[in-house]
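Proteins get letters first, then strands, A, B, ... in listed order; numbering begins at 1 in each.
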2 protein chains.
Amino acid sequence: MARVPHANLDCSPGCPVEGVLAIIGGKWKGLILYHLLAGTLRFNEIRRRVPNVTQRMLTTQLRELEADGLLVRTVYAEVPPRVEYSLSPRGRSLEPIILALKAWGEEHLRPAIPKAVVAA
Amino acid sequence: MARVPHANLDCSPGCPVEGVLAIIGGKWKGLILYHLLAGTLRFNEIRRRVPNVTQRMLTTQLRELEADGLLVRTVYAEVPPRVEYSLSPRGRSLEPIILALKAWGEEHLRPAIPKAVVAA
DNA sequence: GCACATAGTGTCGAAAAGGATACCGTCATG
DNA sequence: CATGACGGTATCCTTTTCGACACTATGTGC
């Protein structure tokens with residue numbers, strides 16, 4: 001989704017809501033943040049936990065989350081390359097929100113269609 | 001932002017997070033939901049509270065929120081037209097999340113630039 | 001008649017977001 | 001040499017989102 005620019009000076013009282021959604025709302029970001037709650041993960045570990053995300057998109061979204069100060073990317077001088085991602089304190093402070101989103105989704109969103117039905 | 005389709009059968013444990021963000025994450029939706037927390041509002045009332053939203057976008061987002069079951073649209077057989085929007089029980093259950101988003105935004109997002117500075 | 005109230009709708013284009021595909025560099029192993 | 005590990009990057013295309021602009025319908029008041 002589009003970034004809501006804070007350059008918009010007619011910012012109304014609800015603006016922070018929109019602002020937060022703008023930084024956590026990109027595709028795959030919710031999943032990434034959720035999985036990082038459990039602790040530091042490497043690139044391919046995230047990728048395995050978020051099936052169907054392309055490498056390209058994972059990189060892009062991780063870089064954006066980093067730019068917004070929600071996660072920390074640690075590069076080790078190793079071969080093969082080793083890069084670790086973990087929530088920053090700022091990102092960690094989103095934990096109750098992420099967990100509340102998960103709980104609400106589990107209660108109110110339709111469950112996925114079982115595989116067997118689709119195969120028919 | 002794009003709807004995350006639940007037709008994606010490889011839904012991982014964090015999927016509900018992504019699913020909720022997909023329905024509340026469109027531009028202006030966070031603001032709309034926030035303002036409706038205070039109670040029933042008419043179209044132009046919402047519009048005045050959300051400066052800079054176009055009529056077109058307000059209509060579109062309201063219709064999506066309605067389709068996702070988050071709000072109720074009540075049409076009165078009157079002239080001039082009278083249409084009221086209010087949170088559904090399902091939408092109302094998002095209140096703690098919306099308020100948490102607002103609190104987090106107020107604490108962690110940069111404040112808007114004061115008007116006087118821009119005028120300079 | 002015109003302008004105002006209300007709440008939209010239709011159409012199209014621009015911009016943004018997302019994704020597909022090929023390729024990269026270093027080292028280790030068979 | 002080829003292939004695999006790792007974590008990407010580059011390029012281009014597709015899809016989606018958003019917004020601009022014009023128009024709509026009914027009634028009322030000047």
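- Residue Tyr76(B) is out of contact with every strand shown, counting any heavy-atom pair closer than 4.0 Å.
- For the pair Ile23(A) CD1 and dA17(C) C1', the interatomic distance rounds to 17 Å; values are reported in whole Å.
- In the displayed structure, Glu107(A) atom CD is contacted under 6.0 Å by at most 12 heavy atoms of other residues, nucleotides or ligands.
- Among dG7(D), dT26(C), dC18(D), the nucleotide with an atom closest to any side-chain atom of Lys27(B) is dC18(D).
- Listed pair Trp28(B) / dT17(D) fails the phosphate criterion, with no side-chain N or O lying under 4.0 Å from OP1 or OP2.
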Test Tyr85(B) against Leu41(B) for side-chain contact (heavy atoms from CB on, under 4.5 Å), laying out the working first. CA-CA 5 Å; Tyr85(B) 295 89; Leu41(B) 294 169; 5.6 Å; no
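- Thr59(B) comes within 4.0 angstrom of a nucleotide base, judged by non-hydrogen atoms across all strands.
- Side chain to side chain, Thr60(A) and Arg56(A) meet the donor-acceptor criterion of an N or O pair below 3.5 Å.
- Distance Arg82(A) CZ to dC27(C) P: 18 Å, rounded to the nearest Å.
- For Glu45(A) and dA5(D), the CD to C1' distance is 14 Å, given to the nearest whole Å.
- When the C1' atom of dA20(D) is taken as reference, atom CE of Met57(B) falls 12 Å away, rounded to whole Å.
- Set against dG19(D), dT6(C), dA20(C), the side chain of Thr54(A) has dA20(C) as its closest nucleotide.
- Residue Leu62(A) is the one, among Val53(B) and Leu62(A), whose nearest nucleotide of DNA chain D lies closer to the 5' end (criterion: closest heavy atom).
- Here the P atom of nucleotide dC6(D) and the CG atom of Leu58(A) are 14 Å apart, to the nearest Å.
- Across all strands shown, Arg47(B) has no heavy atoms under 4.0 Å from either base or sugar-phosphate atoms.
- Residue Asn44(B) places at least one side-chain N or O under 4.0 Å from the OP1 or OP2 atom of dA7(C).
- Computed from coordinates, the Tyr85(B) OH to dT6(C) C1' distance equals 11 Å when rounded to whole Å.
- For Arg56(B) against dT11(C), a side-chain-to-base donor-acceptor contact under 3.5 Å is present.
- Applying the side-chain hydrogen bond (donor to acceptor under 3.5 Å, both in side chains) rule to Glu45(B) yields no partners; only residues at least two apart in sequence or on another chain are considered.
- Here dT17(D) presents its P atom at 15 Å from CD of Glu18(A), a figure rounded to the nearest Å.
- For the pair Glu78(A) CD and dG7(D) P, the interatomic distance rounds to 10 Å; values are reported in whole Å.
- Looking at Glu18(A) and Lys27(B), no side-chain N of the basic residue comes within less than 4.0 Å of a carboxylate O on the acidic one, giving no salt bridge.
- Across all strands shown, Gln61(B) has heavy atoms under 4.0 Å from sugar-phosphate atoms exclusively, and none from any base.
- In this structure, Arg73(A) reaches the sugar-phosphate backbone alone: every heavy-atom distance under 4.0 Å involves primed, P, OP1 or OP2 atoms, never a base.
- The side chain of Arg42(B) sits closest to dT6(C) out of dG19(C), dT6(C), dT9(C).
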